[in-house]
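Whatever order the structure lists them in is the order used to number ligands and atoms, beginning at 1. Keep in mind the model is a prediction, meaning the values are calculated, not measured.
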Amino acid sequence: MSKHPLQNKTIKPAESLRGEIIVPGDKSISHRSIMLGSLAEGKTTVNGFLMGEDNLSTWKAFEAMGVEIHQTGPDALEITGVGIDGLKEPGDVLDCGNSGTTMRLMTGLLAGQNFFSVLTGDRYLRKRPMKRVVTPLTAMGAKISGRDGGDKAPLAIQGGGLKPINYASPVASAQVKSAILLAGLSVEGETTVTEPHLSRDHSERMLAAFGADVRPFEGGVSITGRPQLTGQDVSVPGDISSAAFFMVAGLVTPGAELLIRNVGINPTRSGVIDILQAMGGQLQLQDVREQSGEPVADILVRHSQLKGIDIHGDMVPRAIDEFPVISVAAALAEGQTIIRDAEELRVKETDRIDAMISELTKLGAKVEGRPDGMLIDGVEQLEGGQVTSHGDHRIAMSLAVAALSSRGEVNINDTGCTETSFPGFWELIEKMSAES
Ligand code: S3P
């Protein structure tokens, strides 16, 4: 059963979309703030923390291991760190909910802890591949077992006794890279991960800020184990993956002009801006600044006539979570968009290639699947209709964006999943289209 009783939303075409918005905090950085705040000595404060269900799963897991975490404001926390050896064996299974980041990063972190733990998740997470972290962690000496030969959760971890590794990851995945770096914290010596393309580097940046010796180099990163981490004040920027829905909404809605404030524009995450600009989208970065070691800007979006482009290679990991909404932009662009090298989309919260093809087709888009992506021929306008999220937050929100400029209203099934990453999304989109 899905965690949420089935909810539906009907989104009407928007006349226009104007004004200023702030999106909630970055999900990836929020997870890492709890993890490193817990492993540090002393207090860590977090502002702009994303109170989404995925991050609450991480929060509960660390509380279950004896860490004190207090909410001090609507999006603020104080964490009393216990040091890298201070976590306690949890008395029960740790439930990661829908969160792949919680499960994969924690598998690495727990592999280095001298106790037994079990990780599970919801029915979607229990179908996702875990071998990608289990294989390198096993090579470091971890004892991890799970369903399907260790590939699927629940995962049982007998931690401790690891040795460092030099691992060439076959996938560009920040979850794999971070799991190994977190395991590497527990062992003397140098642990190295290389990857085919650079994935998001929030772990590296935050580990360095907390005092670890992390050395990024062309193609990879090394960390020296057994550091002393010191609590920090972390200020989390708005999530570019959440802002992306409003970027595309602004680009495809006639007359729209939106200012999205305080968005993280880390170059390993900002592929969506480059892609939409290459499609002819008017996106302007204003007041570029730095916040807790991460670049941040306000983004001004204006309605634009988009055109199809070819997206592949390095660009893919830089925009990995934005392809559902990029496919909406492509469905409304002039000409053809080709998305290649994106087979990773098949192992996200759902198979995002198949899900977007099936739902966009219901709205009159011309989309074809490829093993590693999609071919999209733009149409002038999408139709209204009945669609489903497949239980995936980013599919639900992408379909809401598609609805804003379609000919009729769109009814979206199974919308409660947006709570995982964007609490308040439906209220915000309704308010923006009503105000226009
Ligand atoms: C994440 C990494 C990405 C991304 C996910 C969050 C992270 O996954 O899709 O939403 O916080 O490290 P992969 O590492 O599997 O690409």
Side-chain angles (χ1 to χ4, degrees), residues 24-36 49-50 52-55 57-58 96-109 121 124-125 127-137 151 153 167 169-183 193-207 220-221 236-237 239-245 264 266 268-272 294 314-326 341-353 355 372 392-395 397-398 417-418 420-422:
D26 187 276
K27 181 155 77 71
S28 293
I29 298 175
S30 295
H31 281 302
R32 287 154 173 84
S33 70
I34 297 235
M35 294 181 187
L36 297 191
F49 183 82
L50 172 61
E53 284 177 354
D54 276 13
N55 298 105
S57 295
T58 297
C96 305
N98 190 246
S99 176
T101 306
T102 308
M103 183 167 284
R104 296 207 180 105
L105 269 59
M106 299 247 335
T107 303
L109 197 153
Y124 301 101
L125 185 54
K127 283 193 201 137
R128 296 182 65 187
M130 295 297 144
K131 265 271 164 73
R132 53 181 57 204
V133 290
V134 171
T135 300
L137 294 169
D151 191 35
Y167 185 66
S169 173
V171 279
S173 161
Q175 294 180 352
V176 171
K177 174 172 63 178
S178 304
I180 297 168
L181 293 176
L182 291 171
V193 196
T194 59
E195 50 183 350
H197 300 291
L198 180 60
S199 63
R200 63 190 67 190
D201 65 356
H202 304 301
S203 296
E204 295 91 307
R205 287 173 187 252
M206 202 184 285
L207 278 161
V221 56
V236 182
D239 198 325
I240 190 168
S241 298
S242 298
F245 300 111
N266 179 316
T268 61
R269 294 284 300 283
S270 59
V272 65
E294 293 276 351
D314 273 7
M315 194 56 94
V316 174
R318 294 186 53 227
I320 191 66
D321 290 337
E322 285 66 76
F323 282 97
V325 79
I326 288 170
D341 303 329
E343 53 282 329
E344 274 294 298
L345 296 179
R346 296 205 177 273
V347 291
K348 292 295 173 189
E349 284 79 334
T350 186
D351 178 334
R352 287 182 171 163
I353 294 175
D372 68 339
D392 181 326
H393 54 136
R394 299 204 199 281
I395 304 283
M397 294 186 275
S398 300
C417 51
T418 56
T420 63
S421 68
F422 200 149

Point to revise | Salt-bridge criterion met for Asp54 and Lys27 (N-O under 4.0 Å) | key: yes

Review point. Among protein heavy atoms, which lies nearest atom 10 (O) of ligand 1, and at what distance?
Key: Asp321 OD2, 2.7 Å

**Study point:** Val133 to Gln175 - nearest heavy-atom pair and separation
**Key:** CG1-O, 4.1 Å

Practice item. Show which atoms of ligand 1 fall inside a sub-4.0 Å distance from at least one heavy-atom site of Ile320. Key: 9 (O)

Point to revise | Glu344 and Arg352 ion-paired at < 4.0 Å | key: no

Review point. Please state which protein non-hydrogen atom is closest to atom 11 (O) of ligand 1 and give its distance, to 0.1 Å?
Key: Ser28 OG, 2.7 Å

Study note, to complete from the structure: For Ala174, the atoms of ligand 1 under 4.0 Å from one of its heavy atoms are 12 (O), 14 (O)

Study note, to complete from the structure: If you compare Gln175, His393, Lys348, Glu344 by their heavy atoms, the one closest to atom 16 (O) of ligand 1 turns out to be Lys348

Review point. What do the steps show when you test Glu322 against Arg394 for salt bridge (charged side-chain N to carboxylate O under 4.0 Å, His left out), and what is the final call?
Key: CA-CA 8 Å; Glu322 285 66 76; Arg394 299 204 199 281; 5.2 Å; no

Practice item. Determine, considering heavy atoms only, which of Arg32, His202, Arg200, Arg104 sits nearest to atom 12 (O) of ligand 1. Key: Arg32

**Study point:** Protein heavy atom at shortest distance from atom 14 (O) of ligand 1
**Key:** Ser173 OG, 2.6 Å

Point to revise | Thr58/Thr102 under side chain to side chain donor-acceptor pair (under 3.5 Å): CA gap, chis, key distance, verdict | key: CA-CA 6 Å; Thr58 297; Thr102 308; 2.8 Å; yes

Exercise for review: Enumerate the atoms of ligand 1 whose separation from the nearest heavy atom of Thr101 is less than 4.0 angstrom.
Suggested key: 1 (C), 6 (C), 7 (C), 11 (O)

Practice item. Verify, without hydrogens or angle tests, whether Arg128 (side chain) and Val347 (backbone) share a donor-acceptor contact under 3.5 angstrom. Key: yes

